[in-house]
Structure formats: C-alpha cells, structure tokens
Enquirer: 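This is the structure, below, for whatever I ask next.
Proteins get letters first, then strands, A, B, ... in listed order; numbering begins at 1 in each. Note that this is a predicted model, so its numbers are computed, not measured.
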Amino acid sequence: MPKDQGIGASTKRREDVRFLTGAGNYTDDINVHGQAYVHFLRSDVAHGTINGINTSAAEGMPGVVRIFTGADFEGVGGLPCGWQVTDKNGEPMQEPAHPVLAQGKVRHVGDPIAAVVADSLEEARNAAEAIELDITELDPVVDMKAAVAGGAKVHDDLSSNLCYDWQFGSETEAVEKAFAEAAHVTTLELVNQRMVANPMEPRVAVGDYSRANDESTLYTTSQNPHVIRLLMGAFVLGIPEHKLRVVAPDVGGGFGTKIFHYAEEAFCTFAAKACNRAVKWTASRSEAFMSDAHGRDHVTTIKLALDKDNNFTAVHTDTYANMGAYLSTFAPSVPTWLHGTLMAGNYKTPNVQVNVKAVFTTTVPVDAYRGAGRPEATFQLERVIDKAARELGLDPIALRRQNFVTQFPYATPVAVEYDTGDYHATMDKMEELIDVKGFAARRAESEKRGKLRGLGINCFIEACGIAPSNLVGQLGARAGLYDAATVRVNATGSISVMVGAHSHGQGHETAFPQVVAEMLGIDENMIDIVHGDSSKIPFGMGTYGSRSIAVCGSAMVRATEKIINKAKKIASHLLEASEADIELKDGQFSVAGTDKSVAWGDVTLAAYVPHNYPLEDIEPGLEETAFYDPANFTYPAGAYACEVEVDPDTGAVDLVAFVSADDFGNVINPMIVEGQVHGGIAQGIGQALLENCAYDENGQLLSASYMDYAMPRADDLPNMANYRVDHSCQTPCTHNPLGVKGCGEAGAIGSPPTVINAIVDALQSGGHKVDHIDMPATPQRVWEAMNG
Amino acid sequence: MAEVTMTVNGKSVTKSVKGNTLMTDFLREELRLTGTHVGCDTSQCGACVIHVNGQAVKSCTMFAAEADGAEVATIEGQANADGSLSVIQAAFQEHHGLQCGFCTPGMVMSAAALLKENPKPTEAEVRDYLEGNICRCTGYHNIVKAIMAASGQDVSSIAAE
C-alpha cells in the first residue's frame, strides 16, 4: 500500500489550490500604494560608444517623475560576480565592471541605457521615446573564436576578450601518453547552443522605501531572496542587511535564470529611495529575452581514447564558453566547476582533462540554466562515446557498461568523489522500459512506412546538493552554500518551518512538511512552510542546483531533531520519568515499557505555558534553527532512452518514445519527483529539437519572442503510452540525513544527447554517414545532413 | 475614456476605461482579478486565456472596450459555488498538472473551452488544442492527463510513472 502521508507519499500539493483558483500572489500582482513605473531604454545595437544622452525633452513629458542614466550610478557599486575562477597560470579571471545602467559604452542588445520613472507605464514608455541617444556603433563581437583572436574589445580596460583560460583534471603528460598509446581515438566537434530559460513568469521588481525607518524593500522574482539581499545590499547599493528586506513571493518558474542579481532589481530599490516612491518594473517577454541571463553556449572539441579492449583511457576537451558582455552572478562557475567536475561521467576513465576558454562577446550574459554545465558535459561525453561505439562497431550499451564505475566511493580525476550509485541498475531498468529487444521489429515496421527509426541511449551523472562551503570556497565561490531552517512549534502544536529554500514550482510547501510530519508522527496539515521573505526566514541560500531537499531539507531535519530532543526533556518532566526512557511515536511521548504518555500538544503547550516546567534546566518555548553545510555533493545518475522516426523526405523528427531510469536516492514525494523529471525532459527535448537563441553577425538578437524562439508545445512530446519516467533504482546518498540526491535537473541533463544519439542512429540505418547533428535538430539540419 | 459594462464571473461591472486598455490590464488592475497572467507579448503563451461569451480568448489581445456587454469568465470564477475545486481544477491537482502555477489559469480556461466543444477528446486532440498554451514546468504530460481525466476518461492505466 502506498503511504498516505509522510516520506514516500504522493501527497497532493496544497499550493495547487491557490494557483488553480487565481489566488496566487506573484510579484506582478503586488502593487504598492502610490507606486510609479519604470521603463528601461535599452540598446538596440550590440556594441557602441555612448557620446551623449539628451533627456531634456523627455523630462518635460507628461507623468515623468525622473529619468536616470549611468551617471546617476557613478557613486554606486556595479553588479557583483559571485565566483572567481583562477586560470591555468594561477591568475584571477578578468572581471569587468557591470554598471546598473550603461556607462560609456553599450555592450549588448538590451543593455539598459536610461530608465524613465513615471506615473504610469504608458507615460514612461512615451517619454523614453523622446530621449535622444548619440551612440557611435563599434564592431560587434559575436563569434567566440574570433573574439579571442583579436579585433574589437568588449571591455576596453581588459587586456583581451578572454575572461579566463582554465585547465583542470589530469596532468597533460599523462593525458598525452594515454592518447599516444590508444588503440582508437574518437574526436567530435560540437556546439551546445545558447538557450533561454523562459520561465513563464517574466521577471518583475518592485522597490519600496520607508522614510520612517530608512528601510528598503524589494519584491522580486527570485529563487534566492537572501542572496539578492546580500549582493545588492553589500556590493551595489550599500544598504546594511537590517535595513533591506527582499521578498520573493510566488515565483512563476526559475530554471536558474532567477538566481542572479539583476540591474533592474538594484534600480528599483535605488530609485524608490531617490524618488521617495515605490517603483515597479515588469518585463515584457521580448525584454526578458534580451535581459534574462541566457544558458549553455559552448563550442567544444572532445577526444576519447580507448585501448585495444575498448576501455576508456582518456578524455580531453577544449571548450569555448560564452560569458556574454558581463559576468552574471555565477557565470564563471558554470563552464568550470559545474562542468569540468562532471566530465568523468559514469565511467572509470583514468585520465580526464578539461580546458575551457571563457570569452566576452557583445551578447546577453550567460549563466546557469537548468543543469548548468552538467548538460554540456553530458552532451559531449555521451555523444563522443556513441560515435566511438559506431566507429568500432560496438553495441553502445555494452561499451558504456564495460566502462562504468562500479566501486564506491569513487574518486574521479576531476576532483569529486561519487559516494554511491549503481549504473548497471539504471541501465537495466532503461533497457526494460524501452524494450531494447523489441527495437529491431519496431524499426522494421517503421521502414515499411518509409520512415527511419533510431534508438538513442544515454547515461548521465550530475553533482547536486550544492555545495560543501569549504570545497567551493577553494574553487572560487565568494559565498557559503549551506542552507538553514527554523522550526517554530506553536503553543497548540502547529508548526511553521521557515526555510532558506525557495519554491517556484517544486512543491516545497507540500514536500517539506511530509518530512517533519514523518519525524514527529503528526498530521502534515499541522505544518506550514514559510519561504521567500528575508524578514521571516533564516539566512539560507535559496533553490538551484537541485539542492532544496538535500541541503535545506537536511537543515530542517537537524532543526526538527533539536525540537524532538527538547520536547523529550519537557515530556520527561511531565511524565516524571528519565529522559532516556522517553519515546516519540505517532505524536505521543511515552515512557518505554509503560502505558504512561503525553500527547504532542500537551508538550508544546507546556513549553509556552511553563507552569509545570523544568525552568532550571531548559528555557520555555519550542523553536530551533539549524544550518546545514553538506559534506559532499550528491550524485544523481541515470540511463535514458528514446526512439525517433525520421522522415527521409523532409528531415522531420518524430519523437515516438522516451523513457528515463533515474537514481535519486530516497524520494520524499514520488508524484512531485516525476513531475520534475517530466519538466526537465521537456526542456532537454526542446534543446535537442526546437530551441535556439540566435544572434546574427551584427550581434542582433534574432530570437527575441515566441514568434522566433521555438518553445516546446504539448504536441512536441511523446504520447503518454510511450513515455515513462522511473526512479525505482535507489542508492541513498550516504552523507545527508534523508539519503536524498535531488531531482530537478536530471531530465534536462539526460535528454539532449539521448535524442541526438537516436537521430544519428536513424540516419545511419538509412545509409547516411552522419556522425553528428548540432542542436536543435530541425528538419532543415537533418535534411541537410542526409543530403550532404 | 469610455464606460464599459460587462458581467465578470456572474457579477455586473461598470467602469470607465481608456480606449487602449487591454482586457488583461482591465481585469488585473481595475478589477484586481490577478489570476489572469501575462507571459508574453505576442499572443502565444496563453497564460491570459479567459472566456468571453463562452469562447476562449487571449485577453492580452483584446481591448476592454471590446468586452462591453459581454459575459466574461476568468479563473477566479471557475470553482464550484461552495468554493470547492471544479472538476477540471480538481483533476489538475489530482494529476499534478501544474508546478509554478503561472500558466495554470490559462490552461484551466483552455481546458474548459475544449471540453465544452469536445467532451471526450482523444489525447492527440488535447495536445493539438493546447497549441496556444505554453507551460515550461510540467512537460505537458500531466496536463494532458488531467484534462482527459476531467473529461471522465480513465487515465489510471496510462503510463502512471
């Protein structure tokens, strides 16, 4: 029987009721009395020198409160970068200034130049049109390899467009030796295209200021309100934490792009004080396309060495990673520590070396997007393995199995130690779900209909539960990456849990209480989660990197353990028994071996009405906080497969089946976990088949709306009968109290190479000597690949 | 400014609006019915779908003045009279057809319009009908399942994992 509550139950989501009835409270639903509206005048050229900004006509327009330009922010800090990468020569990365509003130059289409604050949005927009800009266009910097070869510089004060040249993993000598001695070497050049995260809720910021107590409040669409408070308060605006409140209410999806601290947040907070009036900004979708941090955008050459027995002996990569025009909050970490550390994959390859050149271009900044570095690593590795199998005439499943890591813990050549896993188990499950044995018959049936059918398989590993602070500190992080929870038990026994994690679709309000209810043996409905408001929650780092339950959930467990310890002391006093004899089960504290007991509510009441209470031993009240800093990353892993049918006449790809076998360790709410995988896979399929953020050679953003950027629709995904996600293979994480690993990014990491492997397999079956197709595999690209 | 009168979720409303006021802004700002969302500026995401005289309409692409005299239904009016979730809303919760909730009002309104014109749609018909509603969280699987379940079709045997 499935459980009906607690850990492992598919409890229906309580937050759904408000979302389904229109009662959600998203940032754009918040209006502050008397607020003004801001419209940003953004650059429509990729690169240019600002000679002058004439706002005089605009200032006289109806409703204008004030117009700001870069000059207004000269005494203010720039947007900080939270991660400093050290290059292979021991030098720190080149770190350009990132002003709130452009100063001196514009560096990408969408770079904010001026901000018009007015009584209404319409008036702000109208006034912005009256601003006269004098900009001399400079050469755009679009292609990464050209950007580091010379030509125009994005930042005149930096020595070049190279942010860093990073090398990581095995020593060069050992890697070169392995390649020299290899029986076979497979090489692949590939592109992991630029993506836009596209949460359905565009970003919004509302800044408010109270003269009464000199306090600023920012309502914002963020995955991590405390991080924004810290970055904006300490580095940009100089507001101490106790005078700055950041609230991220209901947030309509994030996928990474709402982690970062953005100029618009700092602007609205700054302008609210400057104008003594709340200031609101709501992005249009087109504005989102040119101001939300983008994702991916790597160009890579990967080489795989195999010995005569087909064992992997070395992996070597050379990657160009696009940073865009400025360093977004965590941008430098994505192609390095979130990418290089995963380049061993599921395999015991003894030599792995990763080389990354991070490059400035005149494009929107690039940062973490669902998976962040790990999809890029997986795509390279799994594509080159598939190509090697084909070159050597080997079964791609057998080749992978032969090289799997099977002994744990396993220290990779790229700095991380996998604590546990069972890659054969997920591969077995995947083979069963896709029915590998029946593929030949299905292919024959497709061929009868004139279609080419391909089977693509893929394995992946990721590092989640970000992250051990001491480790990431050594790697350049400028923050700790623990999380925090406060468990506040009320007098009548109900509980508020204040958490640092932020829920923007993940269902924390349902899943987190399941854990506390399990530990205390009380009804889940007695427990509420409070998140998203820096004035209510302890200093936690928010939600990204599939970390919420692994890190913040662990903090919540630790705080609940403290609650239980104190409650047992109180119960032992009430029961006049030894504390060591007190047992907690189903919400009852009892004395072992007796029928004496007190209920949860009796103990909580005693804590707050301490008439009969051991005041000499313990304080009244029942509220505990815990901070949890993980000992290691967690390592979810899995095996995915899909089948495609390609129309040889048109190149159209029909994704006819998709299965995933994931190992997430223990699972709190299976329904929510499956939903996370569904969403991740859809984004990965979107990357494989549809989505592409394109710039032309002038640095113009060609895909700045849903007219031009192909988001996956319902009919782009496989039918229900041919779509299965499984997480029954479970090797619990060995170092956190729940044994959980995290599930948010797996689908987006595991699915793109699965689809491309399947398409190549289909084309090969039709006699087309196609080794690789870059994403998105549009009908045009597939047709061109088939037709030379 | 012109005066418009319409019935919104069964209640008569009269307001003065500017000629260029979009229906979404009228609902969200004038009536404070903030369940109707705006997710794009090209009429493609469908987060703003409402019903006007029984037809599904993208309210971002219509002026409030155009709704003068109309019967308008929004997400706020979809629950049963006793406040409990409607069949469609309940199916979305039961089958985990929403995550962040932002596209959800539009999905529910589109689903209601679909089931009105096609009470027992096939899976392919559901997927086709949702062409104008984008969801970034769910991968659509559970939305499709919820809509089919809401139509009274048994989805218990369909790839439940």
Enquirer: Is it true that a side-chain atom of B:Gln44 and a backbone atom of A:Met707 form a donor plus acceptor pair closer than 3.5 Å?
Expert: yes
Enquirer: Could you pull out all residues at least two apart from A:Arg203 that satisfy salt bridge (Lys or Arg N to Asp or Glu O under 4.0 Å)?
Expert: A:Glu264, A:Asp292
Enquirer: Pick one of side chain, backbone, both or neither for A:Ala197, based on which atoms fall under 4.5 Å of a heavy atom in chain B.
Expert: backbone
Enquirer: Using modelled atom types and a 3.5 Å cut-off, is there a donor and acceptor pairing between side-chain atoms of B:Gln99 and backbone atoms of A:Gly507?
Expert: no
Enquirer: Tell me, side chain or backbone of A:Pro718 under 4.5 Å from chain B's heavy atoms, or both, or neither?
Expert: backbone
Enquirer: Do A:Glu674 and B:Asn142 pass the side chain to side chain donor-acceptor pair (under 3.5 Å) test, and can you show the C-alpha distance, the side-chain angles, and the key distance before you say yes or no?
Expert: CA-CA 10 Å; A:Glu674 287 151 18; B:Asn142 287 343; over 6 Å; no
Enquirer: If I measure from the heavy atoms of chain B, does A:Asp250 come under 4.5 Å with its side chain, its backbone, both, or neither?
Expert: neither
Enquirer: Not counting sequence neighbours, which residues clear salt bridge (Lys or Arg N to Asp or Glu O under 4.0 Å) with A:Asp715? List them please.
Expert: none
Enquirer: Are there residues of residues 46-53 of chain B that reach to under 4.5 Å of chain A by heavy atoms, and which ones?
Expert: none
Enquirer: Flag the one option from A:Met671, A:Arg13, A:Met711, A:His504 with the top tally of heavy-atom pairs under 4.5 Å to chain B.
Expert: A:Arg13
Enquirer: So does B:Val38 get a backbone contact from the side chain of A:Arg285, meaning a donor-acceptor N/O pair under 3.5 Å?
Expert: no
Enquirer: Using non-hydrogen atoms and a 4.5 Å limit, figure out which bit of A:Phe289 sits close to chain B: side chain, backbone, both or neither.
Expert: neither
Enquirer: Do B:Arg28 and A:Asp29 sit within salt-bridge range, that is, some charged N less than 4.0 Å from a carboxylate O?
Expert: yes
Enquirer: Between B:Tyr140 (side chain only) and A:Pro712 (backbone N and O only), is there a donor and an acceptor less than 3.5 Å apart?
Expert: yes
Enquirer: Name the region of A:Tyr26, side chain, backbone, both or neither, that has any atom closer than 4.5 Å to a heavy atom of chain B.
Expert: side chain
Enquirer: Taking B:Phe92's backbone N and O only, do any of them form a donor-acceptor pair with A:Asp16's side chain (distance below 3.5 Å, no angle check)?
Expert: no
Enquirer: For B:Lys11, does the NZ atom sit with more than 12 other heavy atoms under 6.0 Å from it, leaving out its own atoms?
Expert: no
Enquirer: Do A:Glu691 and B:Arg136 meet the salt-bridge criterion of a basic N to acidic O distance under 4.0 Å?
Expert: yes
Enquirer: I'd like to check A:Glu122 versus B:Asn20 (side-chain heavy atoms, cut-off strictly below 4.5 Å). Are they in contact?
Expert: yes
Enquirer: Side chain from CB out, backbone as N, CA, C, O: work out which of these in A:Val251 comes under 4.5 Å of a heavy atom of chain B, or both, or neither.
Expert: backbone
Enquirer: In chain order, what residues pass the side-chain hydrogen bond (donor to acceptor under 3.5 Å, both in side chains) check against B:His37, with sequence neighbours excluded?
Expert: none
Enquirer: Counting heavy-atom pairs closer than 4.5 Å to chain A, which one of B:Gln78, B:Met107, B:Gln89, B:His95 comes out on top?
Expert: B:Gln89
Enquirer: Count the heavy-atom pairs under 4.5 Å between each of A:Asn198, A:Ile685, A:Ile681 and chain B, then report the option with the highest count.
Expert: A:Asn198
